[in-house]
Amino acid sequence: MLVKLKLRGNSQQGWNVDLTEKQLEVEAEGFLPPLSPELESSLSKWQSSYRQIDSVRSCIAPKPGSRIVSKSMTRYSSFEHTAVVRKDLNQWLNSGDPRWLPIRDKLIEISQKLESTNEEIFVLIDAKDLDLRRLPWQEWSIFEKYYPQTEIALSLPKSSNKTTIKLLPKSQNMRILVVVGRSDGINTQNDLEIIQDLENHGAKVVCLIKPTPRSLCEALWDEDGYHIFVFTGHSGSENNGTIGWIELNDKHSLNIEQFKEALREAINRGLQLAIFNSCDGLGLANQLAQLNLPHSIVMREPVPDLVAVEFFKYFFKEFSNNKSIFDAVHTARKHLEHFQLDYFNNTCFPGATWLPIVCVLPDVDTLNWQEMADGKKFNSMIFRKNKKTKKRNSLITNPGYFFYMGILAVLIGSTLFYIYKTPFTIPLRNDRTVKESNQKGDLSFINLPKGTWRYGGSTSWTPIREIFERKLKITHPHFRLKYTNSSTEPPGSGTGIRMLLNDELDFSLSSRSLKDKERQIAEERGFKLIQIPIAVDGIAVAVNHNLQIPGLTITQLRDIYMGKIRNWQQVGAPDLPIIPYSRSLAESGTVDFFKHKVLRDKNFGSDVKFVPTTTQGLKNVGANPGGIYYATASEIVPQCNVKSLPLGRETDHLISPYQKPIVPFSECPQQRNRVDIKAFQSHSYPISRPLYVITKAYKNSESNLGENQDKYKAAKAYAKLFDTNQGHILIEEVGFIPINLKK
């Protein structure tokens, strides 16, 4: 089971944090403050003193990050500094900041729910910031107490290249390619003996000693492929942790970019794991992730020879006995503990257990020896293989498969011809048209059930649902959507979910996640509510186009809507009373999210004026110089009668929700401002949230062929539309960020 912490931000301003555990359908949002000065200082001192150990210092030059052999050591070493790092790390993570507490509390709650299960659990830290990736997260008291047998792994950024379901290597044996690079001062013979001993477990080991670049590339192009690639020798990474290199022999140092085609071919032939039992490998792992290698194991700092060999010994012992990669690394790390204690035998390396780290692509499946050795077909890019996937793959072996695929091809061809002849065209990214995206991944390739389906809910969904409705009338006329509003309540996420609970809708659209109360009501009525994330949306703030103000901080925005700031002059604008507008909390998911994210669950001020719709809110702001309103960015940014404000956490770092340069009021509507999707993708813009399709699922739904199951299938099929190539393009066109449903 995967517990994932996604952190986006920087060391100066802090990080927005999303916590998810999919099997329990747990989600939480929070904010982690910047690293404390004390923690930054103690980390720096530990690293500096660690590298001042004689055996480390003598071998680092001329290439940073060399693997080292024990000689002698300075007695002060870094032993004292590891204790200080541990103390400062826990003071930072246990500081009691109210923005971080939801994450901390949810981690405890998850561990208690999983306590009675026998499933393996691992925690994935998804952080781009190098400072966060270098932290010894396993020393946090929450992980030590509640996740003692859990390995903390790093999630690395995935390549933009599309990935496909892969076959493992053709060989009937586990194939391992071992490369011994420049290794002066290193006893690589111990490494080789450990790996060659794996032949007793049925492995085929291919070994290259100080190869030339040509011989390395030729080996990687081998048609039989490899399951595991191992490098032992000298290596290093740039200080920013993005670029790494290996020292292949006495003459050649290669970074991953220089033999990426050979590596990519090995990955395409089924390579699952790369191990660099060498130094400072975060840069290597980062580059391998760009080639879509699912798993890598690297060392975060220079690694002493004794430590490297010991890690190899216990990792392969556990892994070859069919422990998962995470469990094997966890056990091997624990066996390095004595290197932190043996102070008087010149083998003391404080922080040794912090060195090995598992790096994986987002949501990959866990890996074990037996699965690879069996040579089964599997998709290494999907975290959990569910029953539907296995059933779908087995269809290929059915004798009637190709007959039905032939019929499907004829139907698809007819549909594409019809679309091509239709004058309806939608602009796409890079000036492409829908016509150019009619390929595998087009909306036409999703099988939608026949019928009329009632749906409704979030008004933030309006741009997305309308453009998809128009397309579906062409591509799937048999799949009829009926947008249904409540007869008594304004439209919104809360209204839509209540209608779904009362069987007034077949599925609903939401701009917020489900509440515990809504889940409880569903359980009492004999079903579950499931939320499927579709896109990421930014919340923009609108003011009158004549108001002169550079932007607002989140604190200022909070104080405006709580009634603490009542005049624009208090935030550097002209002397005007502020008139804050908002939709009602009861119906709107946007308001619910705003109240949680911006107001920190505090109440609105008494001066906030509530309006029934965004249209009315924007109309009021356009007519009142002191007005302010918030809504989804795609609804506000293109407007002519208002302007959207840059927002930020600090006054000197305000981020615009629109693409620059801003379109002047006088040129609208001939030209309109457009949403800056990159600002939301990078998480630099401070207010963003996911949009969901909400559906009902009944117990034993897989075998339930009744009306309820038809509705469930319709909702799931509708959600799949958004995860096609064309679906992603259309979502971006209307100013949102698509979400890959495999994640």
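The chain is numbered in sequence order, starting from 1. In this text, all values refer to a predicted model and were calculated from it rather than measured experimentally.
Aromatic ring pairs are classed by plane angle as parallel below 30°, tilted from 30° to 60° and perpendicular above 60°; the pair Tyr630 and Tyr561 is perpendicular. Classification of the Phe143-Trp140 ring pair by plane angle, with boundaries at 30° and 60°, yields perpendicular. Using a 30° and 60° split on the angle between ring planes, Phe604 and Phe610 fall in the perpendicular class, above 60°.
The pair Arg512-Glu518 meets the salt-bridge criterion, with a side-chain N (NZ, NE, NH1 or NH2) lying under 4.0 Å from an Asp/Glu carboxylate O.
Residues Thr614 and Tyr629 bring a donor and an acceptor atom of their side chains to less than 3.5 Å of each other. Judged purely by distance below 3.5 Å, without hydrogens or angles, the side chains of Trp92 and Glu38 never pair a donor atom with an acceptor atom. Under the 3.5 Å distance criterion, with hydrogens and angles disregarded, no donor-acceptor pair is assigned to the side chains of Thr553 and Thr651. In this structure, a donor-acceptor pair under 3.5 Å is absent between the side chains of Ser458 and Arg465. Looking only at atom types and distance, the side chain of Arg649 has a donor-acceptor partner in the side chain of Asn16 under 3.5 Å away.
Here the side chain of Thr331 pairs a donor or acceptor atom with the backbone of Asp327 at under 3.5 angstrom.
Note: Ile521 CD1 to Asp516 CG = 11.5 Å, rounded to the nearest 0.5 Å. For the atom pair Arg104 CZ and Ile142 CD1, the distance stands at 4.0 Å (nearest 0.5 Å). With values rounded to the nearest 0.5 angstrom, Leu32 atom CG is found 7.0 Å from Leu132 atom CG.
With ring centers used as reference points, Trp100 lies 6.0 Å or more from Trp15. Annotation: Phe122 is not in aromatic contact with Trp137 [ring centroid separation under 6.0 Å not met].
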Using a 3.5 Å cut-off and no angle test, enumerate the donor-acceptor pairs between side-chain atoms of residues 529-538 and protein atoms at least two apart in sequence or in another chain.
residue: Gln531; atom: OE1; partner: Leu514; partner atom: N; Å: 2.8
residue: Gln531; atom: NE2; partner: Glu27; partner atom: OE1; Å: 3.0
residue: Gln531; atom: NE2; partner: Glu27; partner atom: OE2; Å: 3.3
residue: Asp537; atom: OD1; partner: Thr632; partner atom: OG1; Å: 2.4
residue: Asp537; atom: OD2; partner: Thr632; partner atom: OG1; Å: 2.7
residue: Asp537; atom: OD2; partner: Arg689; partner atom: NE; Å: 2.8
residue: Asp537; atom: OD2; partner: Arg689; partner atom: NH2; Å: 2.8

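The salt bridge (Lys or Arg N to Asp or Glu O under 4.0 Å) check on Arg558 picks up nothing, with sequence neighbours excluded. The side-chain contact (heavy atoms from CB on, under 4.5 Å) search around Asp676 returns Gln659, Lys678, Ala679, not counting sequence neighbours.
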